[in-house]
Every structure is written in C-alpha cells, then in structure tokens.
Asks: 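This is the structure I want to talk about, given as structure tokens.
Labels below follow one simple rule: chain letters A, B, ... track the order of the sequence lines, proteins then strands, and each chain is numbered from 1. Here the structure is a predicted model, which is why all the values come from computation and not from measurement.
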Amino acid sequence: MRNFEVASLLLEIADILEIQQENAFRVRAYRKGAQAVEALPEDLASVAARGELLDIPGIGKDLAAKIQECLACGQIAYLEELRRQIPAGVVQLMRIQGLGPRTARLLFDQMGVDSIDKLEALCLAHKLAGLPGIKRKTEENILKGIQVWRSGRERVPIGSALEIADAVVARLKELASVRQIAVAGSLRRRRETVKDIDILAVSEQPAEVMERFVGLHGVAEVVARGETKSSVRLRDIQVDLRVVETESFGAALQYFTGSKQHNIRVREMAQRRGLKVSEYGVFEESSDRRVAGATEAEVYAAVGLPFIPPELREDAGEIEAALDGRLPTLVTEADVRGDLQLHTTWSDGLPSVAELAAAAQARGYAYIAVTDHSKSATIARGMSEERLLQMLADVESVNRTRSGFRVLAGCEVDIQADGELDFPDELLRRLDLVQVSVHSRFKMSRDEMTARIVRAVRHPLVHILGHPTGRLLGERAPYELDLEAVLQAARASGTAVEINASPQRLDLNDVAARRAKELGIPIVISTDAHAVPHLDFMRFGVDVARRAWLTAADVLNTRQEPDLRTWLAAKRSHPA
DNA sequence: GCCGTTTTCGGCCCGACTGTTTTCAGTCG
C-alpha cells in the first residue's frame, strides 16, 4: 500500500470524526498524521519494518497501530466501523465549497442526504430552506458550489495559476495607492497544483483596491466582498485578496503563505515565548504591544527562527532544521548553468541545434545537451542510426561556431519493454550524454515495470533517468512502479535522475526528489523543451527542487562545464 | 490523538466574511 493511500484513509477518518463533532484536536491529529505520511520521502513499509513509525512527528501509538494495520491488510477496522455510521456520500458533501461538517451532519440527520446528487435535487426543489440556519440564499450557494465541484477544476496546475496571479498583480499595481503587493498561499510555496490564488496588498485606500479587484476583466463571480478581504472566481479559479497596513505586511504574508500546519507550529513557538502571532503582527500576550510585523524575517526572528523559504513551509522538518541551523541554501534559477534535455529538428523539436544553442547562450547558459528521441519513438520522429550520426556532425559544426558555450551530443533513448536500450552500445559510446526514458507500454505490472527501468538505470553507458514516473499532471497517472527500488539502483550505479521541469510533468515530484537527495543521487533539472520558449520552464523545475530541499551542490547542471564533463566521463567508469 | 525547557495531564492558532441571526454559528484559510 502506497503512502498516499494510507494518508487518504487517515483523512477519511478525520472527515468522519469531524462530521460526528468529535474533539477537534483529535480530528487535527488524524489530519496531521495523514500529512506526515504523505510527505514522508520513504515507503511507510520500510519505516515500519525498521520499527520507526513512532519517530515520525505527529504519529503516536494509536496512529502507528492503524498504519501497521493498513500495511498488513489494506484497511483499518476502525474506519470500516465509522463508515457504517457516516456513509462516504456524506463525507463527499464537504467537498462542496461553503458546506462544512456541521451542515453535512444536519443534512444527513434531518433529510437523509447522502450524496451530492440528492443534495442538488433537494436544493432545486427548495426542500432545504426551513432547516435551522438554512434559507433561500444558502440553497443558492450550495447549488453554485455543486457547479464548481462538477466543473472538476478544483485544482489548477501551477503554470496557469502563476499566469493568472501575475496578471491580477499587474492590474492592481497600476493603482497609485498600492504600496506593496505579493502573491501568497500555496502558489508562493510553489505547490504543483493550487486550489486558489492568494494575493496580499498594502494600500491606504483599501476600498479603491477592492473596487478594482472585483471589477477585473474575467471575473465570473464575486464570492465575498469586505473592507479588507474579497474573493472572486476568475477563469475557473478562486482569487482572494487581502489588504493590510504596512506594519502588518510581513505578518500577513507569513500568515497567508502558510502552510496551515507550518503556521500552527510557528504560533505554538510564539505562545511559549508569551507572544501571539496573527496576520496583523507579533504581539506580547500580556501587553498587546506589537514586537514585529512589517517583514517576514522580523516575524520569524520574534519567535526565535531564521527566515524560512516559502517552499519549505510544509511542517516537513523545516522548523527543526531552522532551530538547529540546518536549513539548506536552496538552489536558485541563477545557479543553473545549462539544460540537459532538449529536442530539436532531429526528432520532434521545433528549433534547430544552432537556434537552440543561440537561445540558450543568450539566456546565460554555458552548455546544453540536445537529446533527441531514439528510433523506437516513431511518434516523436525518433532518429535512425544514420540520423544520429548526422546529428553528431551537426552538433560538432555548431560547436565550431560558438565560443564560451558547448553543445553536448545526447539522446533520449527509449527503454524497451524488457529494459534493453534502443541503440547498441557502440553508438551510445559516441554520445556525450545518454538519457533513458519510458515512452511506451505504460500499463505493465509494477514488478515488470520496476525490473525494466532498473535494468536500464544499471546500464553502464547511461547517465540520466528521464521523467522517472511518467506522469502527466491531471492527464496520466504515474505508471505502476517501485520508485524506491529504482532510486536504490540509481544510487548503486551512480546514475542521475531528472526533475523534468515541463509544467505538464514535474517528474520527479518534490517528495521523490527529496528522497533522491537523501540517497545521495545526483539530480538534473531539465526542461524537455521542444521549442525555444520552453527553456523558460526551468523555473518550474527549480521550484520542485527547492521544495525538495535541494542545494546547488545536489544538482548536476549547476556545475561548470568542465566539471560536468568530468562527471559524465567518470560515470562510465563507475563499477555497475 | 499527540506531545513535553510550563506539562505524563492538560493543553492544543487566529481572525474575516456570510447568512442567519438580534448576538452568533459555520466556513474558510
């Protein structure tokens, strides 16, 4: 059983307990436990086998026992019992925006509502008005919520969310009264998908800012409108705006960036020091005197912490690391010296090698690798062996024209169903860089797929495993795979793994990349660009790397060109 | 249910907005 599956069972327990109006802290304990499990960079089964479940913060005796039970028999008896009391359909009701546990309980108890379909029918027939606390308006809001839920666009990929957020920020910045403005929330933490966009501004004319905000082009609905806080639906996503005073900006930014769990930890630390943290600032409990608030650094300092980068704020060990002075210096886009997975006219890319080299050098890179597809990738116009040789000549001629810049001749070689590579060794040996990836036969069994990839990763001429899980965000689930086994094979053979920065892929993801780092596996961040503008995807890959706690030293393509070439050569003499 | 430089018991983050209310509960982040 996968970690996320265990986590989802724990979350379901939390949901049901919440509907049953159980102790809120007990509910929180299950949610926290679920989050800890999901963020765990290693398989729960391995941790359990070592008897270390209790070492996971947030997992105590009870949760450890339930996790053990999960791993042993795939279910939790306690949850089965809860499900008999509150059917799954009732838990589903809480997926509707504006509908929480109290209302779900009320609807189930009084009207037997146990599905969203039934809820919709009753709303349309105006059968809910008259229940305590429900009138016409509430029915309307529930129907709107059901529409949003049906549209299925509950989470938006980071690429499109950033685009919308940047546009909103630009429009609001035009107002002279807007002194400061920033994106907060999970978008600032650079989660791969987000549920909404949070924007924070400082202005002495909050009313003017709100006015501009709710009137923005593309606003489909004003969800809420207050003096300092408003929400709209804009192009299928909710955007929240808060306006605060200058002296509160840092506190508000810290607060609205979250995560919720991270903030709870910060507040607990503040409490122990006799302080109270809110979005308005840090205050002395006794006197209400403000001690911090204008900047985030100030807020963290007040509770005894160094500044923690937003990407780490998930309560996944960053508080402890900060206290011990072990926070990593995260890799930045400026550290990246080259891009190692690129496609050109030699297969399915748009630019020529020369065009790509010019664009990459203009961007400040010192090198790139062109990695066109191998012959089996027919859909992607994979290269025949002759064309591969012609590509080598092309790369050589481009290298003659450019100084201070190097094009490495590479290939993205298909991993065939049995783990064999798509080109013979004598050809691979002529390449500077060999990347291997799966592009076919996605539906193999977990064992077969694992064996297939492990075999390729162990091949002595292979440098990098590309998009290791094969997922396409929101389109295709990762293939069945024992990723831990693949990573162990990479470690043993010295092979690097890729963070594919294409916003469609982001593969490895943050959790897996963090595990790869833990194992000491070299990591590359590549865009997989098929056109010149795709070189800009690098920022998304760096975001994943930062969420994975990576420093520049963990990332191969931050090295100087000679160092990289040394690594590429040394890899081939690595004892397999 | 978890946790411990205040604690093995008694705590556990904090405020805005809406819709229903005549003073507040529910939801959200």
Asks: Can you give each donor-acceptor pair under 3.5 Å made by side-chain atoms of residues 206-218 of chain A, sequence neighbours left out, with the distance rounded to 0.1 Å?
Replies:
unit_1: A:E208; atom_1: OE1; unit_2: A:S177; atom_2: OG; d: 2.7
unit_1: A:E211; atom_1: OE1; unit_2: A:R225; atom_2: NH2; d: 3.1
unit_1: A:R212; atom_1: NH1; unit_2: A:R171; atom_2: O; d: 2.9
unit_1: A:R212; atom_1: NH1; unit_2: A:E174; atom_2: OE1; d: 3.1

Asks: Could you identify which residues of residues 20-34 of chain A place a heavy atom less than 4.0 Å from some atom of DNA chain B, listed by residue number, or say none?
Replies: A:N23, A:F25, A:R26, A:R28, A:A29, A:Y30
Asks: What is the distance, to the nearest angstrom, from the CD atom on A:Q238 to the C1' atom on B:dA16?
Replies: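 Computing the A:Q238:CD to B:dA16:C1' distance gives 13 Å.
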Asks: Do any N or O atoms of the protein come closer than 3.5 Å to N or O atoms of nucleotides 23-26 of chain B, and which pairs are they?
Replies:
unit_1: B:dG26; atom_1: OP1; unit_2: A:R102; atom_2: NE; d: 3.4
unit_1: B:dG26; atom_1: OP2; unit_2: A:R102; atom_2: NH2; d: 3.4
unit_1: B:dG26; atom_1: O3'; unit_2: A:T103; atom_2: OG1; d: 3.4

Asks: What pairs with A:N23 under side-chain contact (heavy atoms from CB on, under 4.5 Å), at least two apart in sequence or on another chain?
Replies: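 With sequence neighbours excluded, A:N23 shows a side-chain contact (heavy atoms from CB on, under 4.5 Å) to A:F25, A:R26, given in chain and number order.
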Asks: Scan every strand shown for a Watson-Crick or G-U wobble partner of B:dT8, both distances under 3.5 Å, and answer none if you come up empty.
Replies: none
Asks: Would you list the pairs meeting salt bridge (Lys or Arg N to Asp or Glu O under 4.0 Å) in which at least one residue belongs to residues 240-249 of chain A, sequence neighbours left out?
Replies: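 Non-adjacent pairs meeting salt bridge (Lys or Arg N to Asp or Glu O under 4.0 Å): A:R242-A:E279.
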Asks: When you check the phosphate oxygens OP1 and OP2 of B:dA16, does a side-chain N or O of A:Y280 lie under 4.0 Å from one of them?
Replies: yes
Asks: Looking only at heavy atoms, what is the nearest atom pair of A:R515 and A:Q488, with distance?
Replies: NH2-NE2, 4.0 Å
Asks: Grab the CG-P distance between A:D315 and B:dC13 for me, whole Å please.
Replies: 12 Å
Asks: Identify, residue by residue, the members of residues 249-278 of chain A with a heavy atom below 4.0 Å from DNA chain B, and return them in order of residue number, or none.
Replies: A:Y255, A:K260, A:I264, A:R267, A:E268, A:Q271, A:R272, A:K276, A:V277, A:S278
Asks: Mind checking side-chain contact (heavy atoms from CB on, under 4.5 Å) for A:L79 and listing every partner two or more places apart, or none if nothing turns up?
Replies: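 Checked A:L79 against side-chain contact (heavy atoms from CB on, under 4.5 Å); matches are A:L9, A:E12, A:I13, A:I16, A:I76, A:R83.
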Asks: Please report the distance separating the P of B:dT21 from the corresponding atom of B:dT27, rounded so that it comes out in whole Å.
Replies: 15 Å
Asks: Got a sec, which residues hit salt bridge (charged side-chain N to carboxylate O under 4.0 Å, His left out) with A:E69, two or more places apart in sequence or on another chain?
Replies: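 Salt bridge (charged side-chain N to carboxylate O under 4.0 Å, His left out) list for A:E69, sorted by chain: empty.
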Asks: For A:A224, give me all partners under side-chain contact (heavy atoms from CB on, under 4.5 Å), at least two apart in sequence or on another chain.
Replies: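 In terms of side-chain contact (heavy atoms from CB on, under 4.5 Å), with neighbours along the sequence ignored, A:A224 is linked to A:S231.
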Asks: For A:A36, enumerate each residue passing the side-chain contact (heavy atoms from CB on, under 4.5 Å) test, keeping only those at least two apart in sequence or located in another chain.
Replies: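 Scan of A:A36 (side-chain contact (heavy atoms from CB on, under 4.5 Å), adjacent residues dropped) gives A:I56.
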Asks: Nearest heavy atom decides the nucleotide; on that basis, is A:G58 or A:E279 closer to the 5' end of DNA chain B?
Replies: A:G58
Asks: Holding to ring pair (Phe, Tyr, Trp, His ring centres under 6.0 Å), I want the full list of residues that pass it with A:F537, two or more places apart in sequence or in another chain.
Replies: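 Partners of A:F537 by the ring pair (Phe, Tyr, Trp, His ring centres under 6.0 Å) criterion, ordered by chain and then number, come out as A:H534.
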Asks: Whole angstrom is fine here: how far is it from CD1 in A:I197 over to P in B:dC28?
Replies: 19 Å
Asks: Let me know the distance between CG of A:L10 and P of B:dG1, rounded to the nearest Å.
Replies: 12 Å
Asks: Taking CZ from A:R105 and C1' from B:dT27, how many angstroms apart are they, rounded to a whole number?
Replies: 18 Å
Asks: Taking all non-hydrogen atoms of both residues, which atom of A:I237 and which atom of A:A161 are closest, and how far apart?
Replies: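 That closest heavy-atom pairing would be CD1-CB, 4.5 Å.
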Asks: Are there any protein N/O atoms within less than 3.5 Å of an N/O atom in nucleotides 17-20 of chain B, and if so, which ones and at what distance?
Replies:
unit_1: B:dC17; atom_1: OP1; unit_2: A:E227; atom_2: N; d: 3.4
unit_1: B:dC17; atom_1: OP1; unit_2: A:T228; atom_2: N; d: 3.2
unit_1: B:dC17; atom_1: OP1; unit_2: A:T228; atom_2: OG1; d: 3.4
unit_1: B:dC17; atom_1: OP1; unit_2: A:K229; atom_2: N; d: 3.1
unit_1: B:dT18; atom_1: OP1; unit_2: A:R225; atom_2: N; d: 2.7
unit_1: B:dT18; atom_1: OP1; unit_2: A:R225; atom_2: O; d: 3.2
unit_1: B:dG19; atom_1: OP1; unit_2: A:N141; atom_2: ND2; d: 3.3
unit_1: B:dG19; atom_1: O3'; unit_2: A:T138; atom_2: OG1; d: 3.2
unit_1: B:dT20; atom_1: OP1; unit_2: A:K135; atom_2: N; d: 2.9
unit_1: B:dT20; atom_1: OP1; unit_2: A:T138; atom_2: N; d: 3.3
unit_1: B:dT20; atom_1: OP1; unit_2: A:T138; atom_2: OG1; d: 2.6

